[in-house]
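Structure, as structure tokens:
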Amino acid sequence: MNVRITGTGSALPGKILTNAELERLVDTSDEWITTRTGIKERRIAIEGEYTSTFAAEAGRRAMAMAGVNPEEIDLIILGTVTPDFPFPSTACIVQDILGATNATAFDLSAACSGFLYGMSIAEKYICSGAARKVLVIGAEVLSRIVDWQDRNTCVLFGDGAGAVVLEGSEGGHSILSTHTFTNGAFWNLLYQPGCGSRNPATDSRTIDERLTFIKMEGNDVFKHAVRAMEEAALTALDTNGLLPSDISLLIPHQANRRIIDATAKRLGLGTDRVFTNLHRYGNTSSASIPISLDEAHRQGVLTSGDKLLLVAFGGGFTYASALVNW
Ligand code: UT7
């Protein structure tokens, strides 16, 4: 059984926050943000917009492309670290919005690797016969857990969602492999300390010490990210007996232009074979790869038979890869 991507979709807030606007919020500059990260602007949810808003719209667009009705979806997996609520799963809210009444739905917390972890699980559901049509979504409203007083992190993140429909097929393009990895030894280098059972939102200390916001040791995370993304990419290539020269397009998690360039360089891939859009969206965590895949597809960048290498890295640490024969 092959597992095919039959539809892609994405949804982003209309509101744009530029580096120039950030200069007025914290002690930073367009020059620093551009040279250290490659980011020029990011999208920010406005009042009344939630993770479920963008997740559902991205999912609706992916289903429209696939020609699949909501009732045909057997499973919805939503990668997110910024759910609408601690519970129920935002995937349940998305199921309701879409009218995907026959779908089992759950959230998956794997930070920036959430979408590829979701693809890996969906692939196994389909191959085992437990599901026929699966909606995998990565969606975040990170702007609600970003500390707008912390220049180390607030310049990096943005909001949005991307989605794919996966279906079983006897032929056609297919997912050749998925690999997921975890290294829990470094969980405290990138995390949100507050609002869980250790530092409850009900404890005034959680608010006073700003524990509800993202904390990151950026420099350490950077070094791990480059090594881990290379490992995940090489595992995908080895498994399929492919060389970097066989890859038509690398679609990496969009965290930092320098991480993407270093990963591509280690793999020996020229920039013409690397998809980037982080200059427009910043780091949208689990949403970054499906947004990129949807944009590449709708821009006509992808040709049948292309070998796409998707690689993610995020808090946990989690990292993952997928090799797709388009
Ligand atoms: O998505 C999941 C994974 N996340 C990542 O992969 C993010 C990984 N990390 C990074 O992308 C980079 O480490 C950052 C972009 C976060 C930071 O870049 P860096 O080159 O590692 O800078 P740094 O943290 O070593 O800081 C260098 C200097 C510091 O000043 P001093 O101590 O040298 O005086 C920072 O205070 O840059 C300063 N700095 C800033 N200056 C202006 C940090 N943030 C800013 C800022 N504007 N926004």
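As the structure is a computational prediction, the values presented were derived from the model and not from experiment. Indexing begins at 1, ligand by ligand and atom by atom, following the structure's order.
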Enumerated ligand 1 atoms positioned under 4.0 Å from heavy atoms of [X]:
X	value
N152	43 (C), 44 (N)
V221	3 (C), 4 (N), 5 (C), 6 (O), 8 (C)
V155	48 (N)
A255	1 (O), 5 (C), 6 (O)
N283	1 (O), 2 (C)
F313	2 (C)

Considering only the protein, which heavy-atom contact is closest to [atom], and what is its distance?
atom	value
atom 18 (O) of ligand 1	R258 NH2, 3.4 Å
atom 20 (O) of ligand 1	R36 NH2, 2.7 Å
atom 26 (O) of ligand 1	W32 CZ2, 4.5 Å
atom 14 (C) of ligand 1	N256 ND2, 4.4 Å
atom 2 (C) of ligand 1	C112 SG, 3.3 Å
atom 6 (O) of ligand 1	I259 CD1, 3.2 Å
atom 47 (N) of ligand 1	T28 OG1, 2.7 Å

Does R205, at its CZ atom, have more than 12 non-hydrogen atoms belonging to other residues, nucleotides or ligands within less than 6.0 Å?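 It does: R205 CZ has more than 12 such atoms within range.
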
>> If we only consider heavy atoms of T37, is any one of them less than 4.0 Å away from an atom in ligand 1?
In response: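 Right, T37 reaches ligand 1.
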
**Prompt:** Which of these, N219, T318, I33, has its nearest heavy atom closest to atom 24 (O) of ligand 1?
**Reply:**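 The nearest heavy atom belongs to N219.
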
Notebook entry, point to check: Considering only heavy atoms, which of H224, M229, R151 lies nearest to atom 36 (O) of ligand 1?
Noted result: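 Ranked by closest heavy atom to atom 36 (O) of ligand 1, first place is R151.
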
Note to self: Please tell me whether I77 and V324 are part of a single hydrophobic cluster in this structure, the criterion being side-chain heavy atoms less than 4.5 Å apart.
What the structure shows: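 Yes; V324 is reachable from I77 via cluster members.
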
Quiz item: With hydrophobic residues grouped by side-chain heavy-atom distances under 4.5 Å, do F213 and V26 end up in a single group?
Solution: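 No, it is not one cluster - the side chains of F213 and V26 are not joined through contacts under 4.5 Å.
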
State whether any protein heavy atom lies less than 4.0 Å from [atom].
atom	result
atom 29 (C) of ligand 1	no
atom 40 (C) of ligand 1	yes
atom 33 (O) of ligand 1	no

Does the pair [X]/[Y] count as a salt bridge with the N-to-O cut at 4.0 Å?
X	Y	result
D261	R257	yes
R43	D159	no
K133	D74	no
E49	R144	no
D30	K40	yes
R227	E231	no

(Q) Would S29 count as a polar contact of ligand 1, with the cut-off being nitrogen or oxygen pairs under 3.5 Å? (A)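 Between S29 and ligand 1, no N or O pair is found under 3.5 Å apart.
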
query: Short N/O distance, under 3.5 Å, between G218 and ligand 1?
result: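 G218 vs ligand 1: N/O contact under 3.5 Å present.
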
- Please determine, by modelled atom types, if E140 and T80 share a side-chain donor-acceptor pair under 3.5 angstrom.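 Per modelled atom types, E140 and T80 side chains form a pair under 3.5 Å.
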
Whether the T6 and E167 side chains hold a donor-acceptor pair (N or O, under 3.5 Å, no angle test) is what I'd like checked.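 Per modelled atom types, T6 and E167 side chains form a pair under 3.5 Å.
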
Discussion item. Would the distance check show the side chain of N183 and the main-chain N or O of F317 forming a donor-acceptor pair, the cut-off being under 3.5 Å?
Written reply: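 No, because the side chain of N183 does not come within donor-acceptor range (under 3.5 Å) of the backbone of F317.
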
